[in-house]
Amino acid sequence: MAKRNAFQCSACGAPHMKWTGCCNECGEWNTVHELVEASLGPSQVANGAGRGRPLELVGLAHVAEPPERRFLGIAELDRVLGGGIVSASAVLIGGDPGIGKSTLLLQAAANFAANGGSAVYISGEEATTQVQMRAERIGLSSSPVMLVSETGIRDIVATLEATRPDIAIVDSVQTMWVDSVDSAPGSVSQLRAVVYQFVRFAKRSGSAVFLIGHVTKDGQIAGPRVVEHLVDTVLYFEGERGHQYRMLRAVKNRFGPADEIGVFEMTGKGLQGVENPSAMFLSDRGRPSPGSAVFAGIEGTRPLLVEFQALVAQSAFASPRRNVVGWDGNRLAMVLAVLDARCGIGFGGQDLYLNIAGGIRITEPAADLAVAAAIISASAQRPLSSDTVVFGEISLTGALRPVAKPELRLKEAKKLGFSRALAPVAAKKVVLDGIEATWLSDLPEFVHSLYQADEN
Ligand code: TYD
Ligand code: MG
């Protein structure tokens, strides 16, 4: 018969072969109990065997105190978190190696500690001297952050229990290991056990824990995805290599809006928050050229103007290329199909390239119309008028669907000096001085009006 674990810790769920007074997984006492599997069968439950304790139920109207929040002092990060960090919460920050996760959290810890909070930075990747050198380089070495270089969870949790800092940073979860789990650091079971231990510590102590996780492509090391469900907040740090701009995006947040983004610039002095991202993304736009369209978007709660660039060229291949950077390739295929079917504009035999300037990734369907505008302009070899912004979602029927917050989009466009907009008719009630909007109901109408403003 196969061996099985007949005991389980009621605090952390860790299985045990035999009874023990102290769970070697979570360190709790008197929580290891024998599993009586027979009593869990449905017939026994129905018969009343192994009966549970009735739980206290509460109503929806119970008014809880809002969770306690503290600002880290890095405005973009505080905003993405939903207005500072909530105590007793666990935040996972994922991103490609080298994107700037360690730098950002070292800056956050340093700022927080310099303003009177207590912060502990645990590095499993670098020696303390390396972290100190980095702090020195970005001018933060005088901040009272406490550092340690260690990978064993047992000692780390004991240290945190003893110090109970306001915030703790774990860099990175893939280097940490729990000694009772019999697999290499970075494996799925280790990662789950490690994150579970830190989440439990956060809930028990009231500290906020930031967990850094590398996004891995080859599957050798488990990525942050496998532990997203264990933590309160998940942020991803993204950006193109070779661009200095970095986006921090909230994909899950129990204490604030998801989809909020923070924009940073990587400089010689670490990461700097970008207060006006629209101005930044449009700053290196040259003279009006074919294939360029400005999209008035919304990321999270904030309007964001970005430039879509397209290039259409004769293809040398049997199946033409469709290269996309910063936008969904399937969505591009859909826009092309609708242009072909509803407007008779086809791209067979032509390579098509689409890029969003600045290295940002846009996921909003409202950008469909900007994509269509850029492609049509590239194909016609004719620049769009430089004072125009575009937004709207294209449906398969060719109709333009309404999008969220049209007013905010137009206000941002006006602020950045644009004076014309092409938008779905559903937003017609929005009237803004200084912006002359053309309200459109379908794609053929949009194609028709694209250059009309120039001709008048
Ligand atoms: P890092 O924070 O170590 O990335 P991660 O922890 O996500 O792996 O950032 C590494 C990159 O950032 C590295 O290529 C150097 C660059 N960098 C700067 O450009 N300026 C700076 O001030 C710092 C500290 C790093
Ligand atoms: Mg790092």
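Since we're looking at a predicted model, the values are computed, not measured. Counting starts at 1 for both ligands and their atoms, in listed order.
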* **side chain to side chain contact (heavy atoms under 4.5 Å, CB included) assessment of H16 paired with N24** => CA-CA 9 Å; H16 293 269; N24 58 15; 3.4 Å; yes
* Structure fact -> Within the 4.0 Å heavy-atom cut-off, what T267 brings close to ligand 1 is backbone
* **Minimum-distance protein heavy atom relative to atom 22 (O) of ligand 1** => G270 N, 2.8 Å
* Structure fact -> the protein heavy atom lying closest to atom 4 (O) of ligand 1 turns out to be G100 N, 3.1 Å
* Asked: Distance under 6.0 Å and angle within 45° of the ring axis: does R409 meet both against F391?
  -> yes
* Report the part of I138 (side chain from C-beta onward, or backbone N, CA, C, O) that has a heavy atom under 4.0 Å from ligand 1; answer both or neither where that applies. => side chain
* **T175 and T151 side chains, donor-acceptor separation under 3.5 Å** => no
* Asked: Would you call R246-E265 a salt bridge at under 4.0 Å N-O?
  -> no
* Structure fact -> dist E412:CD -> L408:CG (nearest 0.5 Å) comes out at 7.5 Å
* Structure fact -> atom 3 (O) of ligand 1 has as its nearest protein heavy atom R134 NH1, 3.1 Å
* To do: Please check atom 13 (C) of ligand 1 for a protein heavy-atom neighbour under 4.0 Å.
  => no
* To do: Please state whether the separation between the Mg ion (ligand 2) and some N/O/S atom of S102 is under 2.8 Å?
  => yes
* Asked: Which is it for M266 and ligand 1 at heavy atoms under 4.0 Å: side chain, backbone, both or neither?
  -> side chain
* Structure fact -> P97 heavy atoms within 4.0 Å reach ligand 1 at atoms 8 (O)
* Taking both backbone and side-chain atoms of G268, is any N or O found less than 3.5 Å from an N or O belonging to ligand 1? -> yes
* salt bridge (Lys or Arg N to Asp or Glu O under 4.0 Å) between R302 and E260: does it pass, once the steps are laid out? -> CA-CA 8 Å; R302 192 161 58 167; E260 190 68 74; 5.3 Å; no
* Asked: atom 2 (O) of ligand 1: which protein heavy atom is closest, and how many Å away?
  -> T103 OG1, 2.5 Å
* Asked: How long is the gap from CG on D166 to CD on E68, to the nearest 0.5 Å?
  -> 8.5 Å
* Spell out, as yes or no, whether a donor-acceptor pair under 3.5 Å connects the side chain of R382 to the backbone of S379. => no
* Between R137 and ligand 1, which part of the residue brings a heavy atom under 4.0 Å of the ligand: side chain, backbone, both or neither? -> side chain
* Structure fact -> Within the 4.0 Å heavy-atom cut-off, what S102 brings close to ligand 1 is both
* Structure fact -> Nearest non-hydrogen contact to atom 8 (O) of ligand 1 from the set G98, S123, G95, G139 belongs to G98
* **Interatomic spacing from CG in N111 to CD1 in I74 - rounded to 0.5 Å** => 5.0 Å
